[in-house]
Number of protein chains: 4
Amino acid sequence: MPKVTSAHKAEVRDRIVQAAIESFSQTGYDKTKMDDISRRLGLSKGTLYLYFKSKEDLFLGVCEMSLKAGDKHDAHLFTKKENAASDAEEIFDNIRRRERGNDRVMLEMVVESTRNPRLKKAMYEYHLKVHEHVLEGLKKKVEEGFIRKDVDVAGIAIALVALYDGLAVNRMLGLNDSVNKKAWVAMLKAVIAGSS
Amino acid sequence: MPKVTSAHKAEVRDRIVQAAIESFSQTGYDKTKMDDISRRLGLSKGTLYLYFKSKEDLFLGVCEMSLKAGDKHDAHLFTKKENAASDAEEIFDNIRRRERGNDRVMLEMVVESTRNPRLKKAMYEYHLKVHEHVLEGLKKKVEEGFIRKDVDVAGIAIALVALYDGLAVNRMLGLNDSVNKKAWVAMLKAVIAGSS
Amino acid sequence: MPKVTSAHKAEVRDRIVQAAIESFSQTGYDKTKMDDISRRLGLSKGTLYLYFKSKEDLFLGVCEMSLKAGDKHDAHLFTKKENAASDAEEIFDNIRRRERGNDRVMLEMVVESTRNPRLKKAMYEYHLKVHEHVLEGLKKKVEEGFIRKDVDVAGIAIALVALYDGLAVNRMLGLNDSVNKKAWVAMLKAVIAGSS
Amino acid sequence: MPKVTSAHKAEVRDRIVQAAIESFSQTGYDKTKMDDISRRLGLSKGTLYLYFKSKEDLFLGVCEMSLKAGDKHDAHLFTKKENAASDAEEIFDNIRRRERGNDRVMLEMVVESTRNPRLKKAMYEYHLKVHEHVLEGLKKKVEEGFIRKDVDVAGIAIALVALYDGLAVNRMLGLNDSVNKKAWVAMLKAVIAGSS
DNA sequence: TATGAATGAGCCTTCATTCAT
DNA sequence: TATGAATGAAGGCTCATTCAT
């Protein structure tokens, strides 16, 4: 829905979304004023409306961008049981690196999605994609003989994603992230031990 | 202050909090109007201010109440490996029964807590209590010999709570809860298998 | 659409409409700020919204009130040809007295009505009522033998109303009202002479 | 300033005014955006400001142009009483043809003129010119012996113009124009009958 | 001369909060 | 204690106007 369409104008749009992410992360969607975002950018309020027709539309832009962000991979890990702990840590760090700063917005998005069907659908689908991505990784491990065939990998995949989300909640509550990582590692080790 | 009046006051206060929980769950904190809450109660807006000095104060009341709610126990479960699956399901259902309807408010509370230190502290401490509660349960299982001694039960405890929270997020996104339960069961079975 | 319903609250509503009429008359609909109206009343802006859900709604309230205002009668006049001039003057003054101050709003209403079907309908029907009212008066004159039977009284009725409206336009343009009255009298005299 | 450029400028200026007339007619002065006008022309918003220094200035340009438009004549009519009706109709059609589409803007101009002295003066003078024009026509009829000498032709002239204006209001309200024409004819016939 | 992205003052509307009854 | 009309600060959004290209 960009009103302004030309070469580098997509870049401005991106900058706006970035600023919005920062603002929404710090203040939350409702408490963030359009003015805050524009001032953060050194732009005028009116300019935002050249790129997004409303505050909600901008939020949707943020969602879109956030949902696009997660796509990298952590294959090649978990090939030896002995490395389980360090492998788990690496994955945790990888995900966190990707998400850095987005936790808050993500939660907002989840909350908001209960009211906004369009957003809910987008998030739902993104979640499915993540589940699939993880599931694929697990399946490879099954093929490699690293995980037993009779394990419900689909269930495990969903659970792993949920586990990470839940730890993100912990982080927001101020739980030291090293504790979260420990929890993640402990769980993963147990899972691997129990599944292989 | 006579006891009777006091009792009445406490009761009205509770009713207000209940109504607030419902409203916040449906519309979210920011989008809920004091008017909505009072109308839901059949009370006048002004009355709310006799019991809570501000909307935020009311929200804190909601938090307080929500945090008080979770305390029951699921000991006696997980005594035989063979029952792992059904035991896991029972736990899932128990928790869900306790939390029913509160998911949304909980998330809001987490989000809000990043801005409100008082709330953050309360939620943090509640989380710790829950962790301890779960940890205690796990420790009993260690004593019973059901879980190996070299397992990081503290980590597992935190992870289990996080897992549940993450599944609550899934639920909010519209993921069918039977899928969530499956994920929960799959994970718990693996954990038990790997830890015992 | 009054949100506030009680005894004297209708009076407040009326006062608001009155203030709105004055403001709209002086500044025009678009250029009038809700603030102007509330300040004129010594009320707060917010209060207006307890009685009217939007600026447009308030304008509709003004229309409604304005349309209700015109209902009096000038029968008993025009019974003798000799009095035609003074009778005409009396009618002119009567109408002007009723409309005093509303010319401007009326014009605004007409202009606005081209965009607002609801308003257009209301004004159209009001006009018809006025036409009928005048027509009835004329018919009586026909019965009394004051006007010839072969005159198109329906056409004359409409024309008389239009004539008055057109003179109101003159008035707005600054044409001295005594000139308008003269025109009115000249026309009416000619009409009577030609119709009787 | 070379003549050629000047000619081009004048033409563009005219096109802008035309577009403005159309826009103002459809949406009204206040609700019309400079953007609407420029888009209607296929010009950029900025260009408008090369020709008119403000929206109000453009409106004044529209007024100027509208006021220039009315100048044609209907002499030669009303020479025989028997033709009164058809003559009246012809006049009605002639005027309407000249004004076609301008009714709305005219009304806007009247309304606006109550706030804008410059505009008010222009419209006032234009009205006087029209009055004079009609008066002249009527005087000729007096000379021709078609109208009696003791009739207040000045008053009748003004009244005729007002009558037409009033019927234009009717038209805006959705009154079928054939009804308006009938009213016009009825009135004119009566006037002629009464004045000759 | 022409453009159209950027500006920012301004206005409608909402809603938490107060207070007279 | 309970009410609900009144308040007014605050924020989303619009649009006339400017200016660098």
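Basis for what follows: all heavy atoms, side chains included, without hydrogens, waters or symmetry-related copies. Below, chain A is the first sequence line, B the second, and so on; all start at residue 1.
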Verdict with supporting geometry, B:Leu41 and B:Leu48, side-chain contact (heavy atoms from CB on, under 4.5 Å)
CA-CA 10 Å; B:Leu41 283 164; B:Leu48 299 185; 4.1 Å; yes
Can you list the residues that meet the side-chain hydrogen bond (donor to acceptor under 3.5 Å, both in side chains) rule with A:Glu64, with sequence neighbours excluded?
none
Over how many whole Å does the gap from B:Lys9 atom NZ to F:dT1 atom C1' extend?
9 Å
Just how far, in rounded Å, is P of E:dC12 from CG of C:Asp57?
15 Å
How is the base pairing of DNA chain E summarised as a dot-bracket string, given the Watson-Crick and G-U wobble criteria with both distances under 3.5 Å, [ ] for crossing and | for another strand?
.||||||||||||||||||||
Mind listing the residues from residues 14-25 of chain B sitting with a heavy atom below 4.0 Å of DNA chain F? Number order is fine.
none
Of A:Val12 and D:Leu50, the one whose closest DNA chain E nucleotide lies more 5':
D:Leu50
Might you point out which heavy atoms bring B:Asp57 and B:Arg118 nearest each other, and give the distance in Å?
OD1-NH2, 4.0 Å
Among residues 111-119 of chain B, which contact DNA chain F at a heavy-atom distance under 4.0 Å?
none
Within this structure, what is the CD1-to-P distance between C:Ile37 and E:dC11, rounded to whole angstrom?
13 Å
Reading nucleotides 15-21 of chain E from 5' to 3' and marking B where a protein heavy atom lies under 4.0 Å of the base, S where only the sugar-phosphate is that close, and - otherwise, the string is SSBB---
Side-chain N or O of A:Ser44 closer than 4.0 Å to phosphate OP1/OP2 of E:dT7
yes
Minimum side-chain heavy-atom gap B:Asn116-B:Leu60 below 4.5 Å:
yes
Go through the structure and list residues passing salt bridge (Lys or Arg N to Asp or Glu O under 4.0 Å) with C:Glu125, not counting sequence neighbours.
C:Lys121
Not counting sequence neighbours, which residues clear salt bridge (Lys or Arg N to Asp or Glu O under 4.0 Å) with C:Lys31? List them please.
D:Asp30, D:Glu112
Using whole Å, what does the distance between atom P of nucleotide F:dC15 and atom CZ of D:Arg39 come to?
11 Å
What is the distance from CG of D:Leu41 to C1' of E:dT3, rounded to the nearest Å?
14 Å
Rounded off to whole Å, could you give me the CG-to-P distance for the A:Leu48 and F:dC13 pair?
10 Å
Expressed in angstrom and rounded to an integer, what is the separation of C:Asp36 atom CG from E:dG10 atom P?
13 Å
Within the structure provided, determine whether A:Arg13 and A:Lys9 are in side-chain contact (heavy-atom separation under 4.5 Å).
no
The side-chain hydrogen bond (donor to acceptor under 3.5 Å, both in side chains) partners of C:Gln18 (sequence neighbours excluded) come to none
List the residues meeting side-chain hydrogen bond (donor to acceptor under 3.5 Å, both in side chains) with D:Arg104, not counting sequence neighbours, and say none if there are none.
C:Thr114
Determine the contact category for D:Tyr51: base if any of its heavy atoms lies under 4.0 Å from a base atom, sugar-phosphate if only primed atoms, P, OP1 or OP2 are that close, otherwise nothing.
sugar-phosphate
Residues in salt bridge (Lys or Arg N to Asp or Glu O under 4.0 Å) contact with B:Asp103, at least two apart in sequence or another chain:
B:Arg171
Take the protein atom CZ of C:Phe52 and the nucleotide atom P of E:dT13, then report the distance between them rounded to whole Å.
13 Å
Any C:Met106 side-chain heavy atom under 4.5 Å of D:Val169 side chain
no
Answer yes or no: is there a side-chain heavy-atom contact under 4.5 Å between C:Leu43 and C:Ile37?
no
Which ring-ring contact (aromatic ring centres under 6.0 Å, His included) pairs, counting each pair once, include a residue from residues 10-39 of chain C, with sequence neighbours left out?
C:Phe24-C:Tyr29, C:Phe24-C:Phe59, C:Tyr29-C:Phe59
For D:Asp14, give me all partners under salt bridge (Lys or Arg N to Asp or Glu O under 4.0 Å), at least two apart in sequence or on another chain.
none
